[in-house]
Number of protein chains: 2
Amino acid sequence: MNKRFSESIEIDLRSDLPIYLQIIEQVKRQIADETLKPGDQLPTVRALAEELRINFNTVARSYRMLDEAGVISTQQGRGTYITEKPPPMGSEHLRRESLTALASRYVREARRLGFSFDEIRQYLQDQLEVQPEINNEGE
Amino acid sequence: MNKRFSESIEIDLRSDLPIYLQIIEQVKRQIADETLKPGDQLPTVRALAEELRINFNTVARSYRMLDEAGVISTQQGRGTYITEKPPPMGSEHLRRESLTALASRYVREARRLGFSFDEIRQYLQDQLEVQPEINNEGE
DNA sequence: GTCCAAATTGTATCATTGTATCAATGTACT
DNA sequence: AGTACATTGATACAATGATACAATTTGGAC
């Protein structure tokens with residue numbers, strides 16, 4: 001059902017950001033951009049773990065924290081679902097939280113490659129000029 | 001798994017060369033002569049430390065510096081592996097390509113969330129102010 | 001339909017592995 | 001001596017993996 005979701009999740013084992021946080025970020029982001037809608041079922045902890053080649057406990061940890069945040073609902077023996085009424089924090093808050101996470105990751109990885117702040121800003125500017133108002137680019 | 005590796009590592013406690021540097025050199029050498037191949041897992045810091053009768057922090061230090069050099073990938077809770085791409089970002093060209101890819105992704109995902117260019121720039125600036133400068137020691 | 005065993009799904013607990021922080025040791029230079 | 005720095009050791013911690021368990025669903029026997 002949500003094969004599309006598990007396929008669009010990407011984790012970087014080399015990142016210094018823990019795997020379980022990477023999963024949390026991407027789930028929240030896909031809710032914010034409506035790739036995931038209320039009521040949607042997420043992959044089982046074991047299915048997603050196999051997809052990402054990681055231990056299912058790591059996925060379970062992500063799901064548990066998302067559940068505690070009220071974003072999803074985990075039900076033992078049933079599965080995990082996007083909360084019907086997603087407003088524990090408001091979609092606008094979730095949306096801005098996602099952008100912060102994206103910016104944070106960009107800076108973190110760029111710094112890891114040894115780039116200066118000016119270079120990080122410059123390359124962003126280049127991309128803003130290259131990517132106009134269009135959305136869908138094959139990934 | 002890499003018993004062959006740990007058995008073939010030899011350190012000299014009387015050498016004026018620090019232990020952690022001896023380990024680094026031998027790992028690099030075994031990668032050069034293909035005793036160690038990309039994807040191979042190295043012994044755990046504790047296993048190698050016990051083998052060499054030294055403190056596991058010393059091995060951890062070697063692994064950390066090799067990780068910063070891009071030679072290996074240390075992953076907390078998982079282990080350490082030889083980097084898939086053996087050339088540790090030697091060329092400036094590859095390094096800049098990586099930054100372009102990171103910037104491109106940031107812009108693409110942010111646009112997908114519906115943010116304006118100004119917001120994308122602003123959130124990046126916020127992160128640049130939050131994330132500290134890293135002290136590059138070694139190499 | 002009812003019941004029960006098996007499969008499925010999330011949970012709990014502990015082991016394993018790398019990380020962070022500080023202390024102890026040693027060496028070089030005043 | 002005394003100071004400063006590098007190296008190594010000790011300890012607590014964070015992230016991930018392995019295993020056994022509990023709740024729910026599923027499917028066949030009756």
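This is a predicted model, so every value here is computed, not measured. Per chain, numbering begins at 1; letters A, B, ... match sequence-line order. Side chains included, hydrogens not; waters and symmetry mates left out as well; all remaining heavy atoms used.
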Separation of [N] [atom2] from [X] [atom1] (nearest whole Å):
{"X": "E50(A)", "N": "dT16(D)", "atom1": "CD", "atom2": "C1'", "answer": "18 Å"}
{"X": "M65(A)", "N": "dT16(D)", "atom1": "CE", "atom2": "P", "answer": "11 Å"}
{"X": "R64(B)", "N": "dA6(D)", "atom1": "CZ", "atom2": "P", "answer": "13 Å"}
{"X": "I19(B)", "N": "dG26(C)", "atom1": "CD1", "atom2": "P", "answer": "13 Å"}
{"X": "L48(B)", "N": "dT16(C)", "atom1": "CG", "atom2": "P", "answer": "18 Å"}
{"X": "D16(B)", "N": "dT27(C)", "atom1": "CG", "atom2": "P", "answer": "11 Å"}
{"X": "L66(B)", "N": "dG18(C)", "atom1": "CG", "atom2": "C1'", "answer": "14 Å"}
{"X": "L52(B)", "N": "dT7(D)", "atom1": "CG", "atom2": "C1'", "answer": "16 Å"}

Next on the checklist: Using 0.5 Å steps for rounding, measure from the CD atom of Q26(A) to the CG atom of L36(A).
Outcome noted: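 CG of L36(A) is found 11.0 Å from CD of Q26(A).
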Taking the side chain of [X] as heavy atoms from C-beta outward, which of [options] is closest to it?
{"X": "N57(B)", "options": "dT7(D), dT17(C), dT11(D)", "result": "dT11(D)"}
{"X": "R46(A)", "options": "dG10(C), dG18(C), dT7(D)", "result": "dG10(C)"}
{"X": "T74(B)", "options": "dT11(C), dT19(C), dT16(D)", "result": "dT19(C)"}
{"X": "F56(B)", "options": "dT11(C), dT7(D), dA12(D)", "result": "dA12(D)"}
{"X": "P18(A)", "options": "dT17(C), dG10(C), dT16(D)", "result": "dT16(D)"}

Checklist entry - Considering heavy-atom distances to DNA chain D, does Q75(B) or I54(B) have its closest nucleotide positioned more toward the 5' end? => result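 Looking at DNA chain D, the more 5' nearest nucleotide goes with I54(B).
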Checklist entry - With nearest nucleotides of DNA chain D determined for R78(B) and N55(B) from heavy-atom distances, which residue corresponds to the more 5′ nucleotide? => result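 Counting from the 5' end, the first nearest nucleotide belongs to N55(B).
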Checklist entry - Below 4.0 angstrom from OP1 or OP2 of dG10(C), is there any side-chain N or O of Y63(A)? => result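 So the side-chain polar atoms of Y63(A) never come under 4.0 Å of the phosphate oxygens OP1 or OP2 of dG10(C).
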Checklist entry - Reckon T58(B) has a side-chain N or O less than 4.0 Å from the OP1 or OP2 of dG9(D)? => result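 Checking dG9(D) against T58(B), a side-chain N or O does come within under 4.0 Å of OP1 or OP2.
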Checklist entry - If Ile, Leu, Val, Met, Phe, Trp and Tyr residues are connected whenever their side-chain heavy atoms lie under 4.5 Å apart, and connections chain through other members, are Y81(A) and M65(A) in the same group? => result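 Looking at the clustering, M65(A) is in a separate group from Y81(A).
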Checklist entry - Judged by modelled atom types alone, do R105(B) and Y106(A) share a side-chain donor-acceptor pair under 3.5 Å? => result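 No, no side-chain donor-acceptor contact under 3.5 Å.
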Item to check | Minimum heavy-atom distance E84(A)-G39(A), with the two atoms named | outcome: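 Heavy-atom minimum between the residues: OE2-CA, 3.3 Å.
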Item to check | side chain to side chain contact (heavy atoms under 4.5 Å, CB included) involving T74(A) - partner list, sequence neighbours excluded | outcome: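 Expected list: Y63(A), D67(A), I72(A), T80(A).
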